[in-house]
Amino acid sequence: TFAPYFTIYGAESPVVELNVGGEFYTTTLGTLRKLPDSKLAEMFSSAAKACLDAEGRFFIDRCGTYFGPILEYLRSGQLPTQHIPEVYREAQFYEIKPLIKLLEDMPQIFGEQVARKQFLLQVPGYSENLELMVRLARAEAVAVRCSRVLVCLVQNEKDDANCADALRSLEADKRSVVKFGPWKAALDIRDLLDCMNMDIKAQGYQVHYSHNSPLPAKVSDYFYTFSFSWW
């Protein structure tokens, strides 16, 4: 059911009952509109259209578990102590900018958003290469327990040149290789491998990497095998 918001919760009834993804909350218009430039305040402006559940509560189709900390921050300024990444994601959705900034200063978000993501931005095509690795692993997962994907990590143009013959040889043998680099920043290879491993596992895959390469010793240091286990 949709209706003009102000006809449901007018000035004479500032208390608002919410159904956020099946979780129920009671608050006031003043709390929801506390930050006028937020998406949440816009949702409860007089011009907004309200989506109501069967009981007449304002319905928001988001995870209700993490709306509570958002509401508590608007009421009292209290910061969450648990589920920080999830609350951060919801704060971004509702555009609660002061809370977003405070959460970004917390170790859980600072490490991911500032340190690790800035680290990965130095690697050209990182996300696309991860997607390619997963596609290759899935393509080989026919009646096998484990798929293996060979990756090549080259930090600079010199490394790139050193690997050129090996990559051509693998291509001639119809061996798929996912190449990362070169990049300009001073990145630690082990940190990059750990990030790749972490991000693939975050998609639900069982994966690990090893430094066993079928290639000659002079280029083997550039090649790693990622093993995907299917059962």
Side-chain angles (χ1 to χ4, degrees), residues 1-118 120-121 126-128 130-131 134-135 138 195 198-207 230:
T1 302
F2 291 87
Y5 182 82
F6 61 86
T7 67
I8 302 163
Y9 302 112
E12 72 279 8
S13 180
V15 176
V16 182
E17 291 189 3
L18 304 173
N19 176 349
V20 185
E23 300 274 344
F24 305 129
Y25 296 93
T26 301
T27 186
T28 67
L29 276 177
T31 297
L32 296 169
R33 295 174 175 172
K34 187 170 185 178
L35 299 174
D37 62 343
S38 69
K39 183 176 181 178
L40 186 62
E42 181 184 340
M43 292 166 69
F44 289 89
S45 69
S46 59
K49 293 286 186 178
C51 177
L52 306 180
D53 69 9
E55 303 298 324
R57 290 176 290 238
F58 186 90
F59 180 73
I60 302 176
D61 193 15
R62 296 289 294 183
C63 178
T65 303
Y66 310 116
F67 184 76
I70 302 278
L71 198 55
E72 196 55 47
Y73 171 77
L74 292 172
R75 287 168 171 161
S76 64
Q78 179 178 323
L79 290 176
T81 57
Q82 296 180 322
H83 308 296
I84 304 302
E86 293 81 5
V87 175
Y88 177 71
R89 183 179 62 240
E90 294 305 297
Q92 289 180 307
F93 173 78
Y94 294 111
E95 299 177 5
I96 312 297
K97 294 176 184 177
L99 178 57
I100 292 170
K101 188 174 188 316
L102 289 168
L103 292 175
E104 286 177 345
D105 286 336
M106 300 181 80
Q108 300 94 320
I109 302 302
F110 181 87
E112 173 66 20
Q113 297 295 324
V114 178
R116 198 175 84 88
K117 285 198 172 177
Q118 291 301 315
L120 293 176
L121 284 174
Y126 175 80
S127 297
E128 293 80 359
L130 279 192
E131 291 177 9
V134 170
R135 287 201 303 271
R138 291 174 67 95
C195 285
M198 181 190 309
D199 288 335
I200 293 172
K201 283 184 174 178
Q203 298 180 44
Y205 295 98
Q206 296 183 51
V207 66
W230 303 110

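Throughout, numbering of the chain's residues begins at 1 and tracks the sequence.
Between the CG atom in L121 and the CZ atom in R116 there is a gap of 10.5 Å [rounded to 0.5 Å].
Side-chain contact of D199 with Y126: a donor-acceptor pair under 3.5 Å is present, judged by distance alone. For the residue pair Y88 / E104, a side-chain donor-acceptor distance below 3.5 Å is found, with atom types taken as modelled.
In this view, E72 and R75 satisfy the salt bridge (charged side-chain N to carboxylate O under 4.0 Å, His left out) rule, not counting sequence neighbours.
Residue S38 comes nearest to E95 through the heavy atom pair CB-O, 3.3 Å, listed as atom of the first residue, atom of the second, then distance.
When side chains are defined from C-beta on, K39 counts as touching F93, because their heavy atoms get closer than 4.5 Å. L99 places none of its side-chain heavy atoms less than 4.5 Å from the side chain of L35. Using a 4.5 Å heavy-atom threshold, the side chains of L52 and F59 count as separate. Within the 4.5 Å cutoff, side-chain heavy atoms of K97 are placed close to those of D37.
Annotation: F110, atom CZ; neighbour count of heavy atoms from other residues, nucleotides and ligands within 6.0 Å does not exceed 12. Enclosure of atom CD in Q206 is not indicated, since only 12 or fewer non-hydrogen atoms of other residues, nucleotides or ligands lie within 6.0 angstrom.
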Q: Could you please spell out the steps behind the side-chain contact (heavy atoms from CB on, under 4.5 Å) verdict for D53 and F58?
A: CA-CA 7 Å; D53 69 9; F58 186 90; over 6 Å; no
